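Accompanying notes for the structure given below.
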2 protein chains.
Amino acid sequence: MDRSKFVNDPAARRRKITLADVAAGCGVSRATVSLVLRRSPLVNAATRARVEAEFQRLGYVYNRSAASLRSRRSSSVALVINDLSNPFFAEFAAGVDEALAAAGYVTLLGSTGESAERQQAVLASLMEHDPAGVILSPAEGSDARRVCQAVGAHTPVLVFNRELAASGWDHLGLDNRDGARQATEHLLALGHTRIAFFGGHAGSSSCRQRREGYAAALAAAGLAVQPQWLVETAPTRLEAAGQAGALFARDPAPTAAVCYNDAVALGLMLGLLARGRRPGVDFAVTGFDDIPEAALSVPPLTTLAADPRARGRQAAALVLARLGQREAIAVQTIVPVQLRVRASSCAPGRP
Amino acid sequence: MDRSKFVNDPAARRRKITLADVAAGCGVSRATVSLVLRRSPLVNAATRARVEAEFQRLGYVYNRSAASLRSRRSSSVALVINDLSNPFFAEFAAGVDEALAAAGYVTLLGSTGESAERQQAVLASLMEHDPAGVILSPAEGSDARRVCQAVGAHTPVLVFNRELAASGWDHLGLDNRDGARQATEHLLALGHTRIAFFGGHAGSSSCRQRREGYAAALAAAGLAVQPQWLVETAPTRLEAAGQAGALFARDPAPTAAVCYNDAVALGLMLGLLARGRRPGVDFAVTGFDDIPEAALSVPPLTTLAADPRARGRQAAALVLARLGQREAIAVQTIVPVQLRVRASSCAPGRP
DNA sequence: CTGAAAGCGCTTACAG
DNA sequence: CTGAAAGCGCTTACAG
């Protein structure tokens, strides 16, 4: 009797336990085991107990890919973001993953590093894994048509943060306009009248919207926007620090700046110090995002809180809600942001 | 002629294009198309061109799950970490994802929130997606046996950061002992002789190792460790700030502290300020991790850099290297950490 | 170099 | 309530 092939053949020994093994092990059909797996009420309680005991005994692991293939129902969702090293996106991703896991989905992660080219490759690769839906925070310069081509027409997409013109997809965004308006009104209420808008690329939708809110608040106060108070920078700490001088190139110089985001505001504060001006004493600064460092900088930064983790949970809920009903019209969700007043926004003229 | 079922049936219209469609579309067998997909040199160049044109024309998307099922080769790797809101792990995850994507794998994300219970559930869920390997940064209090049970014997695991006793898996860790030794020697070289070790749970392997390095450096300098200079805290800024007073409860008080990590060090600095002591002037502090905030705190924090993104890439490479040869012996990789000297580590006795 | 057939592990009608 | 059969989209020997 040759049992060696069962005992020694490594391939045989490491074969994974399948549903058929369980069925054979307790003398029922594979269909019945499948019904037990999916908690069907059709199965006799005694049969169910026998099958479940066999799951334990054999150490059965459900093969969800095989199930997805047959049932045409995917249990994964793709999440495509710029970069996890940005705490705003890291928190967002944590919220997405938390909500997807709670709903029984797994998160397929992809990072674009803010490159539209890489975004195409990442999307193509993720689509081969047949996600039920896609949560996409588009890289700067994304082309809606190319993204559409990569994702196809059958997979619902939720676009987060940036806009993707005319894509026809659901969108979840922050109320950039209102946030910048709140920050500007806060500075006006402190007595500032010469207020700059500092940082960001004017071409991006979020920067445009924030500038609109800033301009609207000034206009409502009867103040005109001075062109030399609109300073463009990459949205990074480093570039912002380097551009601080641009605010004081021409008179009248501003006494406060609404910054594109927290990174820019923190950079500006460093740049101000380097020029002998004390942020929060000689010059008022506000940010946008409320990243963890905002509360810890010196001085602490007045900013707008968007709660990215909650936004992640919300994005997951929105994309899951789409799975049943793909024909419906696209939903645009705009989330309010909250002003967090800290010491960086001082009154003008304080010594 | 009833064509309505082809034109109007939504199920028919949204049917995805399969390899069979492509084969039919250019009059070859499915096997040939499969060979084209996998870039086999067996296919005639003209045939290959025809098939590839058909991919374009039909907008074919490869179904990697079906391929994995048949070929028994997975193209995903599971990544299980505590929480992306910790910048150390976010950077690590970014590095893992970068390297996996470059190798053609997709990252399946799971977060434990530092709960061993949740870790079991997350692992079970991820295993159902049949990852080729698992990268696991164990939650505090993980039980190697339970983790083994969830992962099974057939999937290679790379354990990151913490140790998982006797699991028999590959391990990638920081040189905690040497890092703490470097920090302590740096403070000794500045002239300190009363140096505390502040923060962390003495039960965790990383805290134990860092304390060892600290004690070794003191011993090498002929100094004894004073028990009242060993202060335990949760590894958070908040708890660390609250425990600052413990350093000064008994004489002789220390003039410097090697902290368990950056979060603890930043908290201690706040706690020192609250007690009227100026970190970097009256008292020297070092951290561990070099999180982005370390360079920006006031004063900037002397700490040990572990380059978590590079560690992520390394972890991905290690787990991918395991895929072919699962029988081999476990590899323990210890990565050196580098001291970054900043203003928080002052000399003693400066006014 | 290409094709016909079997099969990966599951689910889904359909009988009984 | 349970089982036999077909099939999801692919790959893999095996013929030719």
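Since we're looking at a predicted model, the values are computed, not measured. Within every chain, numbering begins at 1; the chains are lettered A, B, ... in the order of the sequence lines, protein sequences first and strands thereafter.
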Side-chain N or O of T47(A) versus OP1/OP2 of dT2(D): is the shortest distance under 4.0 Å? yes
Between S115(B) and T112(B), do the side chains contain an N or O donor and an N or O acceptor separated by less than 3.5 Å? no
Under 3.5 Å, which protein N or O atoms sit close to an N or O of nucleotides 3-7 of chain D? Give each pair with its distance.
unit_1	atom_1	unit_2	atom_2	d
dG3(D)	OP2	S29(A)	N	2.7
dG3(D)	OP2	S29(A)	OG	3.3
dG3(D)	OP2	T32(A)	OG1	3.1
dG7(D)	N2	R70(A)	NE	2.3
dG7(D)	N3	R70(A)	NE	2.8

Between P on dG9(D) and CD1 on I17(B), what's the gap in Å once rounded to a whole number? 10 Å
Evaluate whether atom CD of Q332(B) has more than 12 neighbouring non-hydrogen atoms of other residues, nucleotides or ligands under 6.0 angstrom away. yes
Test item: side-chain donor near acceptor, D97(A) and T107(A), under 3.5 Å: yes
What I want to check is whether the side chains of S29(B) and T32(B) have a donor and an acceptor closer together than 3.5 Å. yes
For a quick test of reading the model: is some side-chain N or O of R72(B) closer than 4.0 Å to OP1 or OP2 of dG9(C)? yes
Between R48(B) and S71(B), just flag the one whose closest nucleotide in DNA chain C comes earlier from the 5' side. R48(B)
Hey, is R311(A) close enough to E91(A) for a salt bridge, meaning N to O under 4.0 Å? no
Just checking, is any N or O donor in the side chain of Q314(A) or T333(A) under 3.5 Å from an acceptor N or O on the other one? no
Can you check whether R64(B) has a side-chain N or O nearer than 4.0 Å to OP1 or OP2 of dT11(D)? no
Give me each pair satisfying salt bridge (charged side-chain N to carboxylate O under 4.0 Å, His left out) with a member in residues 113-126 of chain A, each pair once, sequence neighbours excluded. E114(A)-R162(A), E117(A)-R146(A)
Dot-bracket for DNA chain D, 5' to 3', with Watson-Crick and G-U pairs under 3.5 Å, [ ] for crossing pairs and | for other-strand pairs: what is it? |||.||||||||.|||
Should the ring pair F160(A) and F92(A) be called parallel, tilted or perpendicular, given that the plane angle runs from 0 to 90° and is split at 30 and 60? parallel
